[in-house]
Amino acid sequence: MDQELNIIEKNRIDKLKKLRENGINPFSNKFEKKENIKNIKEKYGSKDKDFFENNRTEVETAGRIIIIRSFGKASFFRLRDGFGELQCYIQKDGLEAKDFELFSEYVDAGDICAVKGHLFRTKTNELTIKVEHLEILTKSVLPLPEKWHGLKDIESRFRKRYVDLIANSEVREIFKKRAEIINFIRSFLNSYDFLEVETPIMQANPGGASAKPFKTHHNALNLDLYMRIAPELYLKRLVTGGFDRVYEIGRNFRNEGISIKHNPEFTMLEFYMAYTDYKYLMSFVEKMLSELSMHICGSYTIDYGEEKLNFEPPFKRIKLKDSLVEIGGFKPDEIDSADKVFGLLSARNTQGISKTDALGELLTILFDEIVEPKLINPVFITDYPIESSPLARRNDIDETVADRFELFIAGREIGNAFSELNDPLEQEERFKSQVEAKIKEGLPAETDNDYIEALKQGLPPTAGCGIGIDRAVMLLTNSYSIRDVILFPLLKPIK
RNA sequence: GGGCUGUUAGCUCAAUCGGUAGAGCAACUGACUCUUAAUCAGUAGGUCCCCGGUUCGAUCCCGGGACAGCCCA
C-alpha cells in the first residue's frame with residue numbers, strides 16, 4: 001500500500017505514527033479556542049513595538065499553518081483560521097527542547113496547530129506571536145498546492161474545492177461575498193415586511209416555468225415526484241392564504257445543459273407582493289440592486305469583464321418590441337407580422353421555430369438572439385408577448401402583451417417579473433395551451449387544478465419577481481462562469 | 001448532441017520532427033536565530049489520463065474510451 005503513496009504523503013504518515021508512539025495524538029480534540037486571529041488583530045493591530053515591550057501580551061489561538069520559513073534554530077510561520085492570518089515566530093532559545101523538537105521534526109505546512117505565546121513586532125514591524133507552546137491539533141497528510149501559483153487546474157479546483165479554498169484567497173472572497181449578497185437581500189426584503197417561507201422542492205406536478213425537471217420517486221407512496229423547476233405556484237398560494245409579502249431563496253433544478261450560465265441546480269430568489277403591480281416592482285428591484293451594488297462593491301459602477309456596469313437608478317425601461325427597433329436595428333415594418341419575423345429567423349438559420357408560431361413567440365426569439373447580448377447596463381424589457389407569459393396578467397390596453405418585465409444585465413437575463421394573472425378562468429385556459437405545448441416537447445405536464453382552486457379562492461392583485469442569485473453573484477464578483485460562484489458545481493464522477 | 005482544445009512529478013509548467021522526460025515550488029539531507037515566494041548546497045521523486053493498433057522501439061503517430069475547458073445547437 002505504501003508504495004502507492006507519493007513520498008510526501010508517506011513521510012507525513014511516518015511522522016504521524018511516530019507522534020502516536022510518543023504519546024501525542026495527532027488528531028487531538030482537547031484544545032478550546034478562545035480567540036480567533038481576527039480578534040487578536042483587532043485588539044492589538046494598532047499597538048506599536050513599545051507597547052509590547054512594556055506590556056507582555058499573552059495570546060492563544062489556533063489555525064492552519066500555511067507556510068513555514070525555517071532558519072534551523074528559529075522559524076517564521078503563517079497561521080490562518082477562518083477569520084484571518086497572523087505570523088508566528090518560534091525560536092529554540094528559551095523554549096523547552098521537547099517543544100522545539102515537536103515543531104522542527106513533526107510539524108509541516110498544512111498542519112492545524114494551536115499556539116500559545118506573546119505578541120511582539122518584528123524588525124519589519126509585523127505583528128507576530130512569539131510561540132512559547134505549540135500543539136498539533138490535526139496532522140495534514142497531503143501537501144498544500146504550490147505556494148505562489150496556487151491550485152490552477154479547473155477540474156481539480158471544482159472537485160477538491162477544499163484545496164481550492166485553502167490555496168486561492170480570491171475564491172474564499174467570492175464565497176464570502178456570495179453570503180453577504182444573500183444576507184443583504186434577506187434583510188432588504190425583511191425590512192419591507194416580507195415573510196421568508198419554504199415551499200416543496202419535491203413536487204408531483206412541476207410548474208411555474210418551462211423546463212425539463214429531474215424525476216425522483218417516493219417509495220412508500222409509490223409516487224413519482226419531480227424536483228421543482230420554480231417555487232412560483234406555491235408562493236402565490238401563500239399570498240392567497242393572506243401572506244401579502246412572501247419570498248423564498250432556494251434551489252431550483254432544471255434537467256438541461258450545463259454552460260457558463262447554467263448549472264443543473266441553481267439558486268433563485270422569488271418574492272411576491274400583494275397590492276402592487278409590475279411597474280412598482282421595477283422601482284423596487286432597481287432599489288434593491290442598486291443598494292446591493294453599493295453595499296457589496298461600494299459603488300454603483302462595477303467592472304464586469306471588459307464591461308463597466310452602472311447600477312445607478314433609474315434603470316432604462318423599454319418595451320420588447322421597441323427594443324428590437326431601437327437596439328436590434330430593425331425597422332418597425334420588418335417585424336409586424338409572424339411571416340416576416342419567421343423569415344428573418346429562417347434567414348439566420350434559427351432552429352426550433354415553426355411557421356405556425358405566433359408573432360409574439362417569434363419576436364421573443366428574435367429578441368433573445370439579437371437584442372439580449374447587447375443589453376449591458378441594467379435594463380427592464382417590458383410588454384412581453386402574452387404567448388410566452390402563461391402566468392402573467394394580460395395588459396389592459398394591449399391584449400397582445402403581458403404586464404411583465406425581464407431585467408437584463410451584461411447580456412444576460414437576471415430577473416423576470418410580472419403582475420400575476422389572478423383570474424382563475426383565464427389561467428385555466430392558458431394552462432391548457434401550456435400543457436399542450438409542454439407535452440409536445442415531451443415534458444411532464446398537467447393542469448395544476450389545485451392552483452386554479454387557489455385562484456378561485458381569490459388571489460389579491462399581486463406582482464412577483466424572480467432573480468437568479470448565482471447570476472447576480474457573478475456580476476458582483478466579476479466571475480466569468482456560474483461555476484465560479486457555486487461551491488460544488490456538478491461534474492461527472494471519475495470512473 | 002456537434003466541433004475544437006487539453007490531460008506529463010504532490011502543485012505550477014517545459015520538452016520530444018518516434019529512441020523511456022526536465023525546471024521552479026513542495027519533500028528529504030545539510031548550513032543558517034527577524035523572514036515575507038527567505039537564502040545557499042545536495043538528494044530523491046514519473047503507469048507522460050486509460051485501452052488497443054502501427055513500429056525493432058510509442059509520452060509523441062493512428063483508432064477507441066474517460067474526464068475537463070471553450071465555442072456552437
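Note that the structure is a prediction, hence the values are computed from the model and not measured. Proteins come first, then strands; the chains are lettered A, B, ... in the order of their sequence lines, and each starts at number 1.
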- Message: I need the CD1-P distance between A:Ile8 and B:G46, as an integer number of Å.
- Response: 12 Å
- Message: Applying the Watson-Crick and G-U wobble criteria at under 3.5 Å, what pairs with B:C32? Answer none if nothing qualifies.
- Response: none
- Taking the P atom of each, how far is B:A37 from B:A73, in whole Å? 46 Å
- Which nucleotide, B:U36, B:C67, B:U35, lies nearest any side-chain atom of A:Glu155? B:C67
- Can you figure out which of B:U36, B:C67, B:U12 approaches the side chain of A:Thr124 most closely? B:U36
- Task: Identify whether NZ of Lys or CZ of Arg in A:Arg404 sits under 6.0 Å from the centre of the six-membered ring of A:Tyr384 and within 45° of that ring's axis.
- Result: yes
- Query: What interatomic distance, in whole Å, is found between C1' of B:U59 and the corresponding atom of B:U8?
  - Reply: 7 Å
- Query: Which nucleotide in the list B:A44, B:C70, B:U33 gets nearest to the side chain of A:Ile7?
  - Reply: B:A44
- Message: What contact category does A:Ser70 fall into here, base, sugar-phosphate, or nothing, at under 4.0 angstrom with non-hydrogen atoms?
- Response: base
- Query: Under 4.0 Å between a side-chain N/O of A:Lys492 and OP1 or OP2 of B:C67, yes or no?
  - Reply: yes
- Who pairs with B:A58 - Watson-Crick or G-U, where each distance is under 3.5 Å: none
- Whole-angstrom distance between B:A44 and B:A38, as gauged at atom P: 25 Å
- Item | Centroid-centroid distance, A:Phe76 to A:Tyr89, less than 6.0 Å | yes
- Message: Check for me whether the distance between the ring centres of A:Phe77 and A:Phe103 falls short of 6.0 Å.
- Response: yes
- Item | Separation of atom NZ in A:Lys123 from atom P in B:U35, rounded to whole Å | 6 Å
- Flag, side chain of A:Asn55 to backbone of A:Thr57, donor-acceptor distance under 3.5 Å: no
- Can you check the A:Asp108 CG to B:G10 C1' distance for me, whole Å? 13 Å
- Verify the distance criterion only: is there a donor paired with an acceptor across the side chains of A:Glu35 and A:Thr61 at less than 3.5 Å? no
- Note on the structure: Pairing partner of B:A44, by Watson-Crick or G-U wobble and under 3.5 Å for both distances, is none
- Could you measure between the two C1' atoms, the one in B:C60 and the one in B:U47, and give it in whole Å? 16 Å
- Just wondering, more than 12 heavy atoms not from A:Lys33 lying within 6.0 Å of its NZ? yes
- Task: Quickly work out the A:Ile66 CD1 to B:U35 C1' distance and round it to whole Å.
- Result: 17 Å
- To the nearest angstrom, the CG-C1' distance between A:Asn168 and B:U12 comes to 12 Å
- Could you work out the separation of B:A14 and B:G24 based on their C1' atoms and round it to a whole Å? 11 Å
- Given the rule in the side chain to side chain contact (heavy atoms under 4.5 Å, CB included) test, do A:Ile66 and A:Leu79 qualify, once you have shown the distances and angles that lead to the verdict? CA-CA 6 Å; A:Ile66 297 310; A:Leu79 199 68; over 6 Å; no
- Message: Tell me whether the side-chain N/O atoms of A:Arg157 come closer than 4.0 Å to OP1 or OP2 in B:A68.
- Response: no
- Quantified in whole Å, what is the C1' atom distance between nucleotide B:A23 and nucleotide B:A9? 11 Å
- Enumerate the residues from residues 141-150 of chain A whose closest heavy atom to RNA chain B is under 4.0 Å, giving them by residue number; use none for an empty result. A:Pro143, A:Pro145, A:Glu146, A:Lys147, A:Trp148, A:His149, A:Gly150
- Task: Verify the ring-centre separation between A:Phe408 and A:Phe367: is it less than 6.0 angstrom?
- Result: yes
- Message: Check this one for me: any side-chain N or O of A:Lys152 less than 4.0 Å away from OP1 or OP2 of B:A68?
- Response: no
- Message: Any donor-acceptor pair, under 3.5 Å, between the side chain of A:Glu126 and the base of B:U36, if you only look at N and O atoms?
- Response: yes
- Query: If we take the C1' atom in both B:C17 and B:C71, what is their distance in whole Å?
  - Reply: 31 Å
- Task: Starting at CG of A:Leu144, measure out to CZ of A:Arg64 and round the result to the nearest 0.5 Å.
- Result: 6.5 Å
- Message: Distance check needed: B:G45 P versus A:Glu9 CD, whole Å only.
- Response: 17 Å
- Item | Side-chain N,O (A:Arg69) to OP1/OP2 (B:A38) below 4.0 Å | yes
- Task: Report the distance from atom CG of A:Asp153 to atom C1' of B:A9, rounded to the nearest whole Å.
- Result: 15 Å
- How about A:Ser28 and A:Asn25: does a side-chain donor come under 3.5 Å of a side-chain acceptor? no
- Message: When both hydrogen-bonding distances must be under 3.5 Å and the geometry is Watson-Crick or G-U wobble, what is B:G6 paired with, if anything?
- Response: B:C67
- Per atom distances to the A:Phe71 side chain, the nearest of B:C28, B:C71, B:U33 is B:U33
- Message: Heavy-atom nearest nucleotide on RNA chain B for A:Ala74 versus A:Ala109: which residue maps closer to 5'?
- Response: A:Ala109
- Query: Which whole number of Å gives the distance between the C1' atom of B:C48 and that of B:U20?
  - Reply: 10 Å
- Message: Let's test this: given Watson-Crick or G-U wobble pairing with both distances under 3.5 Å, identify the partner of B:C13.
- Response: B:G22
- Assert: residue with more 5' nearest nucleotide on RNA chain B, out of A:Lys73 and A:Ile68, is A:Lys73
- Message: Over all strands shown, is A:Lys130 touching base, sugar-phosphate only, or nothing at heavy-atom distances under 4.0 angstrom?
- Response: nothing
- Message: Any base atoms under 4.0 Å from A:Phe120, or only sugar-phosphate, or nothing? Heavy atoms, all strands.
- Response: base
- Message: Anti or syn, where syn is a glycosidic angle within 90° of 0; which label fits B:U33?
- Response: anti
- Check the distance between B:A37's P and A:Phe77's CZ and give it to me in whole angstrom. 18 Å
